[in-house]
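By convention in this document, chain letters (A, B, ...) are assigned in the order of the sequence lines, proteins followed by strands, and residues within each chain are numbered from 1.
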Amino acid sequence: MNGTERHEGRLRVGRRFFRRPTGRFVLFSIAASVLLAACTTDIPQNSLDPASPQARDIDNLWWLVFWIAVVVFVLVEVALVVAIVRFRRRRRGPEREVRQVHGNLRMEIMWTILPVVVLAVIAVPTVKTIFDLREAPTPEENALVVNVIGHQWWWEFEYPELGFSTAQEMYIPAGRSIYLNITSADVIHSFWTPRLHGKRDAVPGRVNNLTYFADEPGDYLGQCAEFCGLAHADMRHMVRAVSAGDFEVWAAKHASLPEIPEEGAVASGWETFNIICVACHVIGDVGPGVDLTVPVADRLPGGSGDYVLAPNLSYFAEREKFGGWTFENDTAHLQAWLADPSDLKPMTPELNDLEEGRVLGMPNFGLSPEDISNLTALLQSLE
Amino acid sequence: MTAMTTPDLAGPGGHHDVSEARKLAMWAFLGSEVLLFGSLITTFLLYRTRVGDGPSAAEIFDIPFTSISSFILLMSSLTMVLGHHSWERKDWRQMRVWLLATAGLGMIFLAGQVFEFTEFVHEGLTVSTSPFGSAFFVLTGFHGLHVAVGVMMLMATAIMGFTGKLREDGGMNVGLVGLYWHFVDVVWIVIFTVVYLLAV
Amino acid sequence: MATLTPQAPSPASTAAPGRGGIWEWITTTDHKKIGILYGFSSILFFVVGGVEALFIRLQLAVPNGEILSADAYNQMFTMHATTMVFLVVMPIASAFANYFLPLQLGARDVAFPRLNAFSYWLYLAGALFLTVSFFVGGGADGGWFGYAPLSTQVTEVVRMDYWSLGLQVLGVASIASSVNFITTVLTMRAPGMTLMRMPVFSWMVFIISFLLLFSLPMVTVGLIQVFLDRNIGTLFFDAANGGDPVLWQHLFWLFGHPEVYVLILPAMGIVSEVLPTFARKPLFGRSFVIFSGIAIGFMGFGVWAHHMFTSGLGPVAEAAFALTTMFIAVPTGVKIFNWLGTIWGGSLELNTPMLFSLGFIFLFVIGGLSGVTHSIVPADSQQHDSYYVVAHFHYVLFGGAIFGIFSGIYYWFPKVFGKLLNERIGKVNFWLMFIGMNLTFAPMHVLGLNGMPRRTYRYAEGLGLDVWNLVATIGSLVLALGIAVFLYNGWRTFRKGEVAGPDPWDARTLEWTTSSPPPEHNFDRIPVVHHEDDFWHQKYTTDEEGRAVAIPADLRPVVAEGPDEDIHLPSPSYHPALAGLGIFVMLLGLVYVPWGLIAVGVGGIGFLWGMFGWSLEPLVRGDH
Amino acid sequence: MTEAAHPPHPTPRDYWLIAVVLAVITAAEVAVAYIGVDVVKVPLLFAMAFAKFVIVVGWYMHLRYEKKAYRRLFYLGLIAAPILFGVVLFSFGVLIGS
């Protein structure tokens with residue numbers, strides 16, 4: 001053994017350490033209360049605030065595992081803290097005589113088997129839920145099919161049965177199953193509306209499926225969850241569940257062509273659109289009509305096959321936000337966007353390569369203030 | 001517990017047997033190479049039918065030609081093992097002959113591969129024609145690279161045999177080169193089946 | 001063949017020619033010096049990676065943060081992860097392994113000292129290469145996992161070329177050192193040191209060597225495919241032409257998951273050395289700890305697809321991988337229980353290394369439990385790629401690996417440098433890191449459950465993310481302060497640290513039998529081993545009740561007098577460093593084809609020169 | 001197969017004999033590839049490739065005569081590879097149907 005000074009030092013430390021368990025418990029209770037607080041309702045992307053049967057299944061499973069984990073956590077950490085407090089080296093008295101125990105086979109076997117049992121308890125509902133959630137809706141459920149296509153950095157929603165597509169905001173009828181075909185036009189994205197379901201990757205060349213079912217009409221915010229490049233953070237979407245009747249009205253509107261006035265600012269904007277914007281964007285039946293080798297079109301069931309390079313702008317004015325559901329759809333933001341899109345949202349249009357189908361943002365076309373205000377008028381007229 | 005015990009190769013005083021250690025290291029390295037070629041072969045298996053607009057395997061492969069070059073590589077294992085044998089018997093002259101013969105067979109194989117690649121490119125299969133093309137060229141190219149490294153090692157060993165350095169070392173250079181060479185041959189056995197014969 | 005040349009035997013007296021200074025470090029083949037090189041390099045990169053992390057946290061402190069652009073942010077998180085995984089935790093484990101594996105085995109060096117030096121220089125070449133990219137157009141920005149086709153998408157910008165080449169070189173370096181460590185363990189153990197008597201830290205190094213040996217080739221192939229897709233137009237991950245991006249995910253995670261255990265097992269080994277020393281008890285259920293390490297290693301290969309639960313594997317594969325993932329909690333749990341068994345009934349000396357080890361257990365339990373929640377596939381579909389995952393793996397990798405490593409640093413510093421790190425400052429260091437760590441990462445659980453995805457450079461207000469992000473940022477500052485205290489402690493100790501004897505902790509394994517720092521030849525006489533924890537058995541015996549009884553110094557078994565007669569030490573060589581430098585130049589050239597081909601040629605000549613010089617060396621010197 | 005009972009190393013005569021065997025199998029492989037029916041062809045080809053593999057590794061590489069430790073090192077990789085990659089290919093649907 002080495003000198004007594006060091007021994008003294010150890011003991012002071014031991015004493016200071018004695019106060020720590022309280023600290024640890026405070027920490028633990030903070031952590032626990034925080035987790036519980038996480039299920040408050042006013043957080044739009046709260047995964048613990050389910051609004052659909054699917055999300056509820058996940059939520060129930062999560063809480064089962066969470067409480068089991070809490071029990072294990074408490075048992076192990078309490079044992080650890082008790083061991084530290086009880087067996088620390090003390091200042092007074094002779095040094096504890098330590099029995100040189102090398103192990104205890106019975107205990108070791110026990111604590112190998114015990115976790116197996118606990119895990120078996122978790123495994124059964126897990127496997128069951130995995131298969132449940134993967135089941136496609138039956139024909140009786142009359143599910144609405146929506147093709148969800150990820151683009152850098154916005155979501156396209158195609159309604160193959162209704163014959164139109166839109167972007168940023170996905171309208172669905174509440175109380176009806178929605179069957180999503182999810183894919184991507186460029187890199188891997190992940191479609192995630194936490195209150196409705198877990199996420200599902202949008203992989204180019206593949207189609208992944210999810211079933212959505214909103215209990216109630218309402219707005220459900222979501223966001224791309226797989227890193228997809230520069231503006232990954234600004235790739236959001238809004239799922240708007242509306243009543244069946246409202247959905248009919250909305251769908252009927254989108255199935256028809258928007259009306260463009262013959263004169264005025266809007267008409268001038270329409271002219272500019274037909275010269276510049278039409279290279280990528282669609283309004284009604286006017287669009288680029290590009291024909292590229294596409295990983296998307298020929299794979300999506302019932303899809304139109306048209307490849308879209310940029311968001312469909314038909315009925316743009318109904319959207320609350322734009323630019324990956326990031327910027328308020330108001331005059332100021334629209335004009336700022338048209339003046340220099342990359343200033344508002346980080347993009348690299350200089351790296352666009354339309355031949356390859358690579359679109360990394362809307363270029364700055366150097367539009368005049370007049371063009372900008374006309375285009376803004378056009379967009380705001382598309383209600 | 002005995003499952004993991006191994007012969008204690010450490011001699012007294014920490015003077016471990018260097019040649020044993022190097023052989024062991026080579027086996028470990030080859031174990032690692034199995035996974036490398038495994039990944040390449042897996043990629044190929046995944047993409048072997050994805051030919052796009054380009055030629056397919058059945059259209060392009062010349063099985064008789066490849067069978068002959070495979071046979072040549074296979075026989076280089078024989079010359080290698082004979083070289084190894086004469087090295088063990090310290091018959092340096094014979095050893096050099098067999099080593100150079102092995103290197104020669106390896107070079108014939110490589111020449112065959114170069115010829116084959118050129119043909120394929122002429123017939124319209126390049127690395128960027130289809131995933132099949134990418135996977136084929138990268139897998140066989142990687143193998144070819146291994147053969148080329150092996151040829152260089154064989155030549156270096158044979159030359160060291162000429163200059164007498166090999167004898168002084170008394171290590172196990174020929175043994176190691178042999179292991180590597182046979183491994184490269186073994187990989188080709190798998191490639192020949194998976195890539196070529198399955199495509200017929 | 002060249003890479004497998006044996007050590008050049010030369011008499012100890014001529015082993016260190018009087019060239020001194022930097023040249024001595026460049027040409028060293030001494031495993032201890034190489035270990036120190038690894039250690040200092042990884043601490044340096046630890047600071048770099050830490051600064052990157054601080055940038056990330058400052059950017060996210062408030063909604064719509066404006067400290068970094070999206071571009072800069074993406075580089076920061078990519079390089080933070082790449083740096084911490086490949087340039088910090090792996091090499092620092094290598095530092096410990098290099099320094100202590102031969103000492104713990106009772107050997108004079110590793111099996112292939114120059115291969116060992118080559119591994120280090122290759123690591124340094126790869127590390128500098130990755131870091132250089134910051135100064136020539138930006139660091140890698142495709143995520144440390146480099147998912148194709150994002151990583152192959154923009155070929156005009158060379159950042160991901162730097163990334164894919166740099167990682168490959170680091171991989172080769174790791175394979176080389178793995179081969180080296182495996183051979184060392186199998187051939188260099190002192191007489192009597194059976195595998196089951198081998199210290200647990202050495203065991204864990206042995207296991208991770210296998211993990212690296214078998215997992216790295218797979219990612220190497222993936223990285224080559226990414227590089228070729230970017231540079232010569234192959235179509236491996238090009239979905240439009242029939243390639244499949246999911247292939248990359250398989251190849252990456254086939255490596256990536258064993259890699260996780262590569263990061264954590266050395267820390268577990270360190271903890272298994274520290275706890276018995278300061279609890280004054282042998283490791284509880286030693287063979288269970290070792291076998292659970294082996295089990296973790298094996299099973300680590302069978303769970304990779306749990307990183308891909310949202311990619312669309314299909315329910316059968318998802319269920320299967322959910323079960324294997326759950327099952328890996330069993331050997332992990334065994335380890336934790338055995339550590340508890342070790343300290344239970346002991347006499348705990350709560351000094352800094354011990355505190356870090358106990359902190360490791362405390363934090364690792366949290367990380368382990370949140371890990372189990374990932375195996376619940378449906379729940380994982382919510383948590384995947386959210387901050388919940390970030391919280392989980394920082395509890396494992398920071399609370400686990402880094403705390404274990406700090407424990408190791410405080411434990412072994414006196415052996416390496418002969419001076420004890422200051423205890424009082426060490427405690428401040430521990431508590432700042434412990435509190436900072438929890439403040440930083442615990443809130444991230446909530447952030448993830450509240451729907452905050454990873455790798456986002458900004459978030460909007462009103463999402464319920466503001467408060468916890470701010471807390472996490474404050475925590476990261478506390479953490480940074482803790483690490484600053486650590487650096488100060490090290491600096492201070494070099495100047496006026498308390499001198500440590502050969503065995504300051506009354507420890508149990510062979511490395512403590514030599515002087516601090518050890519002589520160049522490690523042991524005057526190669527020890528003969530009779531027990532596990534052999535050194536302890538030289539100092540103590542047990543009474544009938546199983547209590548330790550110190551053996552008086554004059555009654556301890558007498559080791560034969562005098563040093564071994566002929567001590568063979570590897571001679572210094574500049575060839576490994578030259579070959580490493582050659583590789584560095586070649587890599588730079590490969591990024592800038594066609595003009596760079598000149599650099600490739602120059603670097604290639606340097607590399608070949610190094611290799612040939614290396615393979616011819618022993619022939620010249622060996623038999624004189 | 002124990003350490004103590006090393007079989008004697010093969011002689012050059014054996015090596016030549018093995019080469020003949022390898023050549024015959026190779027010829028058979030090519031023949032089967034051309035004339036075999038699909039159902040039997042694939043397993044047969046794999047079986048023959050495996051036989052060649054074992055012969056070269058066992059005799060030419062002397063793995064049969066080596067220490068257990070070497071064998072284990074190599075077997076680890078050899079066993080891991082087909083299992084891991086089998087699962088990968090299975091998940092892509094390559095091994096079943098298609």
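- Contact of A/Val203 with chain C is made through the side chain alone, with heavy-atom distances under 4.5 Å.
- With rounding to the nearest 0.5 Å, the separation of NE2 in A/His232 from OG1 in C/Thr456 is 6.0 Å.
- Only the side chain of A/Leu105 has a heavy atom closer than 4.5 Å to any heavy atom of chain C.
- For the pair A/Pro204/C/Pro245, a side-chain contact is recorded, criterion being any heavy-atom separation below 4.5 Å from C-beta on.
- For the residue pair C/Ser311 and A/Arg206, the shortest heavy atom distance occurs at O-NH1, 4.4 Å.
- Interface residue C/Arg286: only backbone heavy atoms are found under 4.5 Å from chain A.
- For A/Lys199 (side chain) and C/His384 (main-chain N/O), a donor-acceptor pair under 3.5 Å exists by modelled atom type.
- Expressed to the nearest 0.5 Å, how far CG of A/Asn208 lies from OG1 of C/Thr310 amounts to 8.5 Å.
- Side chains of C/Phe337 and A/Val76 form a contact here, defined as non-hydrogen atoms less than 4.5 Å apart.
- Under the 4.5 Å side-chain criterion, counting only non-hydrogen atoms from C-beta, C/Thr542 is not in contact with A/Arg99.
- The residue among A/Asn209, A/Thr112, A/Leu133, A/Val127 with the most heavy atom pairs within less than 4.5 Å of chain C is A/Thr112.
- Here the closest non-hydrogen pair linking C/Gly345 and A/Val98 is O-CG1, 3.7 Å.
- With a threshold of 4.5 angstrom between heavy atoms, A/Asp57 does not approach chain C through any atom at all.
- Heavy-atom minimum distance, A/Ala225 versus C/Asp385: O-CB, 3.1 Å.
- Using a 4.5 Å heavy-atom cutoff, the side chains of A/Pro346 and C/Asp71 are not in contact.
- By the 4.5 Å heavy-atom criterion applied to side chains, A/Gln100 and C/Pro276 are not counted as neighbours.
- Highest contact tally toward chain C, considering only A/Arg86, A/Met107, A/Arg236, A/Met235, is held by A/Arg236 [criterion: heavy-atom pairs under 4.5 Å].
- Interface remark: of the candidates A/Asn104, A/Asp59, A/Thr348, A/Asn104 forms the most heavy-atom pairs closer than 4.5 Å to chain C.
- In this structure, CD in A/Gln223 is found 7.5 Å from CG in C/Leu463, a value given to the nearest 0.5 Å.
- Under 4.0 Å is where a charged nitrogen must lie from a carboxylate oxygen, and between A/Arg88 and C/Glu349 no such pair does.
- Most heavy-atom pairs under 4.5 Å with chain A, from the set C/Ala322, C/Gly142, C/Gly285, C/Ala279: that is C/Gly285.
- Interface remark: of the candidates C/Gly243, C/Gly451, C/Gly464, C/Gly451 forms the most heavy-atom pairs closer than 4.5 Å to chain A.
- Proximity to chain C (any heavy atom under 4.5 Å) is shown, for A/Gln54, by neither the backbone nor the side chain.
- Using a cut-off of 4.0 Å between Lys/Arg side-chain N and Asp/Glu carboxylate O, A/Arg358 and C/Glu156 are scored as salt-bridged.
- The nearest pair of heavy atoms linking C/Ile343 to A/Leu80 is CD1-CD1, 3.8 Å.
- At distances below 3.5 Å, not a single donor-acceptor pair connects side-chain atoms of C/Glu318 with backbone N or O atoms of A/Phe131.
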A/Val82 vs C/Trp344, test: side-chain contact (heavy atoms from CB on, under 4.5 Å). Steps then yes/no. CA-CA 9 Å; A/Val82 166; C/Trp344 197 270; 3.9 Å; yes
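- The closest side-chain heavy-atom distance from A/Trp62 to C/Ile376 is not below 4.5 Å.
- In terms of heavy-atom pairs under 4.5 Å with chain C, the best-connected choice from A/Pro115, A/Ser47, A/Ala83 is A/Ser47.
- Within 6.0 Å of atom CZ in C/Phe327, 12 or fewer heavy atoms from other residues, nucleotides or ligands are found, so the atom counts as exposed in its surroundings.
- At a 4.5 Å heavy-atom cutoff, the contact between A/Leu221 and chain C is made by side-chain atoms alone.
- Taking chain A as the reference chain and counting heavy-atom pairs below 4.5 Å, the highest number among C/Val246, C/Leu283, C/Thr373 is found for C/Val246.
- Between chain A and the residues C/Trp536, C/Phe278, C/Trp339, C/Phe237, the largest count of heavy-atom pairs under 4.5 Å involves C/Trp536.
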Test A/Glu108 against C/Val334 for side-chain contact (heavy atoms from CB on, under 4.5 Å), laying out the working first. CA-CA 7 Å; A/Glu108 287 166 51; C/Val334 165; over 6 Å; no
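- Of the two parts of A/Trp111, the backbone and the side chain both hold a non-hydrogen atom closer than 4.5 Å to a non-hydrogen atom of chain C.
- Side chain to side chain, C/Ser347 and A/Arg89 meet the donor-acceptor criterion of an N or O pair below 3.5 Å.
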In sequence, state the C-alpha distance, the side-chain angles, and the governing distance for A/Glu226 and C/Arg455, and then conclude on side-chain contact (heavy atoms from CB on, under 4.5 Å). CA-CA 8 Å; A/Glu226 181 61 81; C/Arg455 308 175 178 122; 4.0 Å; yes
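- Between the OG atom in C/Ser151 and the CD1 atom in A/Ile188 there is a gap of 9.0 Å [rounded to 0.5 Å].
- Looking at C/Phe309, the atoms closer than 4.5 Å to chain A (heavy atoms on both sides) all sit in the backbone: N, CA, C or O.
- In terms of modelled atom types and a separation under 3.5 Å, the side chain of C/Gln382 and the main chain of A/Ile58 share no donor-acceptor contact.
- Distance check, rounded to the nearest 0.5 Å: CG of A/Leu360 to CD of C/Gln153 gives 5.0 Å.
- With a 4.5 Å cut-off on non-hydrogen atoms, A/Val65 touches chain C through its side chain but not through its backbone.
- Distance check, rounded to the nearest 0.5 Å: OG of C/Ser386 to CH2 of A/Trp192 gives 5.0 Å.
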Name each donor-acceptor pair under 3.5 Å that joins a side chain in residues 143-150 of chain C to protein atoms two or more places apart or in another chain, with its distance.
unit_1, atom_1, unit_2, atom_2, d
C/Tyr147, OH, C/Trp253, NE1, 2.9

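- A/Thr126 places none of its side-chain heavy atoms less than 4.5 Å from the side chain of C/Ser375.
- Closest of all the heavy-atom pairs between A/Pro44 and C/Gly462 is CD-O, 3.5 Å.
- Using a 4.5 Å cut-off between heavy atoms, C/Gln383 contacts chain A through both its backbone and its side chain.
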I'd like to know whether C/Asp141 forms a side-chain contact (heavy atoms from CB on, under 4.5 Å) with A/Leu230, so could you lay out the CA-CA distance, the side-chain angles of the two residues, the decisive distance to 0.1 Å, and finally the verdict. CA-CA 9 Å; C/Asp141 59 356; A/Leu230 200 54; over 6 Å; no
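- Residue with the most contacts toward chain A among C/Gly501, C/Gly333, C/Gly448, C/Ala460: C/Ala460 (heavy-atom pairs, distance under 4.5 Å).
- The contact between C/Val377 and chain A is made by backbone and side chain atoms together, counting heavy-atom distances below 4.5 Å.
- Using a 4.5 Å heavy-atom threshold, the side chains of A/Glu77 and C/Phe362 count as touching.
- What you find for C/Gly312 and A/Arg200 is that their closest heavy atoms are CA-NH2, 3.4 Å.
- No other option in C/Ile366, C/Val316, C/Thr152, C/Asn338 has as many heavy-atom pairs under 4.5 Å with chain A as C/Asn338.
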